[in-house]
Structure formats: C-alpha cells, structure tokens
Amino acid sequence: MRAHRADCDAGQVRVRCLLVDDNSAFIETARPALAREGVTVAGIASSTAEALRQVRELRPDVVLVDIVLGDENGFDLARHLAGSGSGDGMAIIMISTGAEADYADLIAESPAAGFLPKAELSAAGILRILGQGQGD
C-alpha cells in the first residue's frame with residue numbers, strides 16, 4: 001500500500017477528506033460526526049464532475065466515495081481519481097450502506113485503499129484502512 005499523507009500525532013487525528021455522496025441526509029450526519037473525531041471534511045461533492053474539481057482544488061488526504069452516486073458509479077470515479085495524477089498521496093475509500101461482501105470483487109479490482117460501511121464511518125475506521133490504526 002502506498003504512503004498516505006494523513007497522520008496521527010499524540011492522539012490527534014489529522015486527516016482532510018472530501019466526502020462524495022449524493023445523499024444529503026447522510027452528509028448532514030457524517031460531516032459533524034467526523035469533525036468531532038478530528039477529521040476535517042474539507043469539501044462535499046455529489047457528482048463525479050464536482051468531486052474531480054474539488055480534488056484538484058482541495059488536495060485532500062482521503063476521498064470517501066459512495067459506491068452509488070445517483071446515476072453515476074463510485075468505482076468509475078475512483079478509477080478516474082487514481083489515473084488523473086491530481087491525487088498523489090491521496091487515499092480513496094469506498095463507502096456504502098450495502099455490505100462489503102456485496103462489492104468485494106469490485107473493491108478488490110478498484111484503486112481504493114479499502115471499504116467502510118456508512119454505519120461504521122469514523123476516524124478510527126479511516127486510519128485503520130490507511131494502516132495507521134492501533135498496533136501499526
């Protein structure tokens with residue numbers, strides 16, 4: 001796994017993320033919950049075009065990408081982000097209300113660092129995927 005810019009100092013989480021999801025109710029819940037845990041939600045996008053623009057502008061450490069973005073596909077966005085060169089050192093984490101097992105093959109074939117169920121979205125979950133969780 002490549003190195004990511006997000007880090008942890010003396011128990012302080014320092015992660016800047018872009019949250020890509022078309023569900024405004026989820027965003028309204030996730031954004032403050034992540035902020036309470038020290039994750040800065042630097043931006044919100046609800047479409048592929050908006051996400052690509054914000055990645056270029058914000059240069060987040062992590063992009064949290066919903067697998068189903070309305071009529072768009074989160075895996076297509078992840079591939080585009082990974083191939084664009086604008087996200088060097090940036091991690092992509094797929095999120096969904098669905099179970100990981102439902103998407104296991106697609107996740108394995110994608111450039112994503114991992115998967116988090118939306119119900120388990122947290123700083124600890126993000127850091128675990130980035131290889132910076134407890135015991136690392």
Side-chain angles (χ1 to χ4, degrees):
M1 184 186 300
R2 67 182 172 170
H4 301 290
R5 293 183 309 227
D7 41 3
C8 236
D9 282 334
Q12 294 282 53
V13 177
R14 294 188 315 184
V15 178
R16 290 181 68 250
C17 76
L18 172 64
L19 181 56
V20 184
D21 199 303
D22 63 333
N23 182 329
S24 60
F26 172 72
I27 289 169
E28 289 175 19
T29 301
R31 187 176 205 166
L34 288 170
R36 280 191 299 275
E37 296 180 1
V39 175
T40 299
V41 179
I44 302 288
S46 61
S47 69
T48 295
E50 192 177 359
L52 294 171
R53 181 184 54 78
Q54 289 201 38
V55 163
R56 285 189 304 272
E57 290 175 9
L58 301 172
R59 311 283 298 167
D61 302 314
V62 177
V63 181
L64 302 168
V65 179
D66 189 18
I67 289 175
V68 179
L69 290 171
D71 293 335
E72 298 178 311
N73 182 313
F75 290 110
D76 290 340
L77 172 58
R79 283 188 288 278
H80 193 80
L81 287 169
S84 70
S86 62
D88 291 340
M90 175 187 72
I92 300 164
I93 297 176
M94 305 307 294
I95 60 174
S96 179
T97 55
E100 183 173 8
D102 295 342
Y103 301 104
D105 291 342
L106 293 169
I107 294 165
E109 295 169 4
S110 80
F115 171 85
L116 271 175
K118 286 184 178 182
E120 297 173 23
L121 185 60
S122 65
I126 292 168
L127 292 176
R128 178 181 45 79
I129 288 173
L130 299 180
Q132 299 172 4
Q134 293 182 348
D136 288 344

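Closest of all the heavy-atom pairs between R59 and R16 is O-NH1, 3.3 Å. Here the shortest heavy-atom pairing between A91 and L130 reads CB-CD2, 3.3 Å. Across M94 and A112, no two heavy atoms sit closer than the pair CG-CB, 3.6 Å. P32 and I27 get closest at one heavy-atom pair: CD-O, 4.1 Å. L58 approaches A42 most closely through the heavy-atom pair CD1-O, 3.6 Å. Between Y103 and S96, the closest heavy-atom pair is CE1-OG, 3.7 Å.
Atom CD of E72 sits about 10.0 Å away from atom CD of E50, to the nearest 0.5 Å. Taking CG of D102 as the reference point, atom CD1 of I107 lies at 9.0 Å (rounded to 0.5 Å). Note: L81 CG to R79 CZ = 11.0 Å, rounded to the nearest 0.5 Å.
In this structure the side chain of I95 reaches within 4.5 angstrom of the side chain of L19, judged on heavy atoms. M90 has its side chain within reach of P60: a pair of non-hydrogen atoms, C-beta onward, lies under 4.5 Å apart. Side-chain atoms of L77 and V63, non-hydrogen and from C-beta on, never get closer than 4.5 Å to each other. Annotation: side chain of H80 is not in contact with side chain of T48 (no heavy-atom distance under 4.5 Å).
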Query raised in the report: Could you walk me through whether L64 and L34 pass the side-chain contact (heavy atoms from CB on, under 4.5 Å) check?
Result: CA-CA 12 Å; L64 302 168; L34 288 170; 4.1 Å; yes
Query - Pair D61-R14, side-chain contact (heavy atoms from CB on, under 4.5 Å): steps then yes or no - result: CA-CA 9 Å; D61 302 314; R14 294 188 315 184; over 6 Å; no
Requested in this report: Please test F26 against D66 for side-chain contact (heavy atoms from CB on, under 4.5 Å), starting from the C-alpha separation and ending with a verdict.
Outcome: CA-CA 11 Å; F26 172 72; D66 189 18; over 6 Å; no
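Between the side chain of Q54 and the backbone N or O of I44 there is at least one donor-acceptor pair closer than 3.5 Å.
Checked against side-chain contact (heavy atoms from CB on, under 4.5 Å), N73 has the following partners two or more places apart in sequence or in another chain: F75, D76.
Sequence neighbours left out, the pairs with a member in residues 19-31 that pass side chain to side chain donor-acceptor pair (under 3.5 Å) are D21-K118.
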